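Here's the structure, in structure tokens; my notes come after.
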Amino acid sequence: MAGSSFITREERSFFCPSTGIYNGPWSSSLAPTPPLSLPQFLLFHFAFSSSSKPAFIDAETGAALTIANLRALTAAAARALAVLGVGHGDVVLHVSPNSLHFPAFVLAAMSLGAVFSTANFLQTRSEIQSQVQDSGPVLILTTADLAPKLDGLIPRPPTLIDQFFASLSIDRNAPVEFPGVGPADPAALMYSSGTTGKSKGVVSSHGNLVAMASVLRHVWGRREEVHACVVPLSHMFGFSVFVCRAVAAGATVVVLRRYALDELLMAVEEHRVTLLPAVPPMVVQLARSCGVARANYDLRSLREVICSDAPLGRDHMERFADAYPGITLSQF
């Protein structure tokens with residue numbers, strides 16, 4: 001019952017006392033969901049199992065990465081990280097706005113058995129320093145404008161993303177190797193936003209990431225979709241949807257460096273975006289700006305907006321539904 005902690009007699013038949021989970025009620029007309037079988041391999045196998053169509057497109061420049069490009073870039077980045085001394089169990093930290101390089105970097109780090117970590121590039125030096133002291137990275141990858149803020153946090157100077165990727169020797173036939181890496185090994189160390197206290201690190205194994213990709217693909221299906229990426233890839237929501245799920249499902253991801261309404265709407269129109277993962281403030285702004293948005297941009301391709309990160313109030317849901325009756329709004 002919405003707004004109540006009480007469970008009615010009818011609802012008790014759907015309540016599992018051992019888990020504390022309320023499971024329904026579901027319509028009897030719905031067919032039972034078949035059990036999900038999880039593949040026994042690592043995320044980079046999952047990511048590289050898709051087609052050769054564009055996997056990531058830069059909304060600003062139009063540059064694109066196909067799965068074949070991503071595979072070759074990942075292999076080259078892994079070799080370069082190994083030359084820099086990154087090995088099994090080492091933590092590597094990525095601090096940057098969204099970019100095409102992010103998926104290749106994290107897949108490369110994981111292929112070496114290293115653990116990738118992220119930090120919000122808008123955080124202060126002291127906030128990032130606290131995270132660095134907790135995680136102990138051996139390398140920080142960042143942009144030229146952010147490097148001064150991060151310099152001195154670890155003995156090695158920050159490695160600049162553009163220079164790192166520009167220096168790679170690409171061999172399209174080189175395999176992505178993963179010596180001694182298994183599903184139980186740690187793969188990611190991502191931190192909470194800190195809205196309810198000190199930011200906390202959470203370790204995800206390779207098996208966790210494959211399970212997440214499998215579940216999301218199972219829920220949303222494997223469709224010829226185009227996603228708009230405006231939420232931070234440094235956050236688990238962005239990473240899980242755009243690196244784990246989207247590539248595994250064969251979707252194309254249009255990457256925006258950061259959220260700006262006009263740039264988002266332009267990307268939806270230009271790239272025929274079908275699915276938009278968002279956070280509540282974006283949904284609220286979309287609803288309030290519907291007149292301008294619908295008058296100036298062709299949004300007919302957009303089928304669904306998936307809202308996550310925090311609850312969205314019913315009044316905002318209703319306002320969005322009235323503003324965009326042809327677009328499904330889901331909460332994840």
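Because the structure is predicted, anything quoted here is derived from the model rather than measured. The chain is numbered in sequence order, starting from 1.
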Identify the heavy atoms of [X] and [Y] that sit nearest to each other, and give their distance.
X    : Y    : answer
M190 : S234 : CE-O, 3.1 Å
A76  : L168 : O-CD2, 3.7 Å
M110 : A187 : SD-CB, 3.5 Å
A278 : V231 : CA-CG1, 4.1 Å
A287 : A323 : O-CB, 4.1 Å
R125 : P148 : NH1-O, 4.2 Å

Partner residues of [X] under the ring pair (Phe, Tyr, Trp, His ring centres under 6.0 Å) criterion, sequence neighbours left out:
X    : answer
F116 : F239
F320 : Y324
F102 : H94
H101 : F165

Partner set under side chain to side chain contact (heavy atoms under 4.5 Å, CB included) for S169, not counting sequence neighbours
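Counting only residues at least two positions away or on another chain, S169 forms no side chain to side chain contact (heavy atoms under 4.5 Å, CB included).
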
Taking the side chain as every heavy atom from C-beta outward, state whether [X] and [Y] have any atom pair closer than 4.5 Å.
X    : Y    : value
L141 : V92  : no
E263 : R257 : no
L256 : N98  : no
V210 : P183 : no
Y191 : S117 : yes
S301 : V226 : no
S330 : E304 : yes
L275 : H227 : yes

Hey, what do you get for [atom1] ([X]) to [atom2] ([Y]), rounding to the nearest 0.5 Å?
X    : Y    : atom1 : atom2 : value
S96  : L233 : OG    : CG    : 9.0 Å
I306 : L276 : CD1   : CG    : 8.5 Å
D185 : H206 : CG    : NE2   : 5.5 Å
Q331 : M317 : CD    : CE    : 5.0 Å
H235 : S308 : NE2   : OG    : 8.0 Å
R294 : L265 : CZ    : CG    : 12.5 Å

Is there a path of hydrophobic side-chain contacts, each under 4.5 Å between heavy atoms, that joins [X] and [Y]?
X    : Y    : value
V253 : L65  : yes
F105 : L209 : yes
L81  : L160 : no
V181 : V115 : no
V203 : V138 : no

Set out, in order, the CA-CA distance, both residues' side-chain angles and the distance that settles side-chain contact (heavy atoms from CB on, under 4.5 Å) for N120 and E127, then state yes or no.
CA-CA 10 Å; N120 187 333; E127 289 171 330; over 6 Å; no

Pairs involving residues 142-159, ordered by first then second residue, that meet side-chain hydrogen bond (donor to acceptor under 3.5 Å, both in side chains) (sequence neighbours left out)
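Residue pairs passing side-chain hydrogen bond (donor to acceptor under 3.5 Å, both in side chains), neighbours aside: T143-D145.
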
Walk me through it: do R79 and D171 pass the test side-chain contact (heavy atoms from CB on, under 4.5 Å)?
CA-CA 11 Å; R79 293 193 300 272; D171 179 357; 4.3 Å; yes

Would a distance-only check, ignoring hydrogens and angles, find a side-chain to backbone donor-acceptor pair under 3.5 Å from Q131 to G201?
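Looks like no, no N/O pair under 3.5 Å.
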
Donor-acceptor pair, side chain of S167 and main chain of F164, under 3.5 angstrom:
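Between the backbone of F164 and the side chain of S167 there is a qualifying donor-acceptor contact (under 3.5 Å).
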
Cluster companions of L93 among Ile, Leu, Val, Met, Phe, Trp, Tyr (side-chain spacing under 4.5 Å):
V95, F121, L122, I128, V132, I140, L146, L150, L153, I154

Who else is in V83's hydrophobic cluster (ILVMFWY, side-chain heavy atoms under 4.5 Å, direct or via others)?
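Cluster partners of V83: none, it stands alone.
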
Residue pairs passing the salt bridge (Lys or Arg N to Asp or Glu O under 4.0 Å) test with at least one member in residues 130-139, sequence neighbours excluded, are none

Restricting to pairs with a member in residues 241-292, which pass ring pair (Phe, Tyr, Trp, His ring centres under 6.0 Å), not counting sequence neighbours?
none

Residues I67, R71; criterion side-chain contact (heavy atoms from CB on, under 4.5 Å); working and verdict:
CA-CA 6 Å; I67 289 294; R71 183 189 295 111; 4.0 Å; yes

Throw together a table of side-chain donor-acceptor distances under 3.5 angstrom for residues 54-63, partners on residues two or more places apart or in other chains.
from, atom 1, to, atom 2, distance (Å)
D58, OD1, E60, N, 2.8
D58, OD1, T61, N, 3.1
T61, OG1, A63, N, 3.2

Using salt bridge (Lys or Arg N to Asp or Glu O under 4.0 Å) as the criterion, list what pairs up with D298, not counting sequence neighbours.
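Applying salt bridge (Lys or Arg N to Asp or Glu O under 4.0 Å) to D298 gives R272, R300.
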
